[in-house]
Each structure stands twice: as structure tokens, then as C-alpha cells.
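Bear in mind the structure is a predicted one, so any value in this text is a computation, not a measurement. All residue numbers in this chain count up from 1 along the given sequence.
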Amino acid sequence: MNTTTKAKTLKSQNSTKSATKSAKISEAKKDKGSSLSLKTLQVAELFTSIESKREFAKLGMSASLLTCVGSAFFKGNFARNLHIASGVALVGFSIWHHSLYDKNK
């Protein structure tokens with residue numbers, strides 16, 4: 001698959017996503033009596049879109065890596081436990097981040 005085909009595929013996927021988003025927004029505007037407002041839909045989309053999940057996983061990996069590296073320079077029981085917990089969190093975020101990508105590429 002060459003780069004122009006990949007670019008066209010990505011462009012069509014983005015236009016499909018924006019069309020779906022526009023449809024949801026216009027549907028929410030029409031149905032003002034419903035319990036879901038436009039703001040609620042935007043917040044729900046923020047936490048459910050795959051791009052957002054990927055960003056949250058990357059942020060979690062960054063924070064846990066920073067904590068793991070920082071706690072390595074201190075001594076004591078608390079620093080040791082923090083170092084172990086942040087290492088476990090780093091592994092967990094890495095597995096979550098890996099699971100958010102398509103395996104058939």
C-alpha cells in the first residue's frame with residue numbers, strides 16, 4: 001500500500017468520523033427535551049473515542065514512568081513501595097495502550 005492510498009484512507013476515515021459527530025450533534029439539538037444535552041454528548045465522546053483513550057494511556061505511561069524514575073533516587077520504605085507501584089502502573093498502561101491499536105496492520 002503506497003503513501004497516497006494510505007493518505008486517502010485516513011482522509012476518508014476522518015471525514016466519516018466528523019460526519020458521524022455532526023449527525024450526533026444535530027440530533028441532540030433537535031431533541032432538546034432529552035436528558036442528553038450537547039455538552040453531555042461532547043463529554044461522553046471525549047472519554048469514549050479511541051483517540052482519547054490512546055492519549056489517556058500515553059499520559060498514564062508518562063506519569064508512571066516519571067514517578068518510577070523519580071522514586072528510584074530516594075531511600076526508605078515509602079519510596080520503595082512507590083517505585084514498585086509505579087512500575088506496575090507503567091506495565092498496566094503499556095498493555096492498555098498496546099490493546100488500543102489494530103493488530104491486523
Side-chain angles (χ1 to χ4, degrees):
M1 185 181 254
N2 60 20
T3 51
T4 57
T5 308
K6 287 182 183 178
K8 288 180 183 177
T9 304
L10 288 174
K11 189 175 181 180
S12 66
Q13 288 175 349
N14 287 340
S15 64
T16 305
K17 288 178 187 176
S18 64
T20 306
K21 184 178 179 180
S22 299
K24 286 181 183 177
I25 291 172
S26 63
E27 186 177 308
K29 285 181 181 177
K30 287 179 189 174
D31 190 22
K32 290 184 180 179
S34 121
S35 63
L36 291 176
S37 67
L38 178 61
K39 189 89 165 173
T40 306
L41 282 175
Q42 289 173 344
V43 170
E45 185 177 326
L46 173 70
F47 291 110
T48 58
S49 71
I50 193 75
E51 291 87 9
S52 296
K53 289 179 183 178
R54 288 177 182 166
E55 285 298 315
F56 288 139
K58 289 176 191 174
L59 286 172
M61 285 192 307
S62 300
S64 59
L65 180 62
L66 179 67
T67 307
C68 191
V69 170
S71 65
F73 294 109
F74 296 101
K75 291 185 179 183
N77 219 10
F78 178 74
R80 179 177 164 261
N81 291 336
L82 181 64
H83 185 75
I84 292 170
S86 61
V88 170
L90 179 60
V91 171
F93 280 120
S94 299
I95 291 170
W96 181 37
H97 184 262
H98 176 73
S99 71
L100 292 173
Y101 285 91
D102 189 23
K103 283 118 179 107
N104 296 328
K105 285 188 176 181

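- Both Phe93 and Val69 sit in one connected hydrophobic cluster of ILVMFWY residues. Membership requires side-chain heavy atoms under 4.5 Å apart, directly or through other members.
- Distance CE/Met61 to CD1/Ile95: 11.5 Å, rounded to 0.5 Å.
- In this structure, Tyr101 and Arg54 have side chains that are in contact, with non-hydrogen atoms separated by less than 4.5 Å.
- Of the candidates Lys58, Glu55, Lys53, Lys58 is the only one forming a side chain to side chain contact (heavy atoms under 4.5 Å, CB included) with His97.
- Under a 4.5 Å side-chain heavy-atom cut-off, the cluster of Ile, Leu, Val, Met, Phe, Trp and Tyr residues that includes Leu66 has no other member.
- Ser71 and Ser86 make their closest contact through OG-OG, 4.3 Å (heavy atoms, listed as atom of the first residue, atom of the second, distance).
- Here the closest heavy-atom approach between residue Leu90 and residue Leu65 is recorded as CD2-CD1, 4.0 Å.
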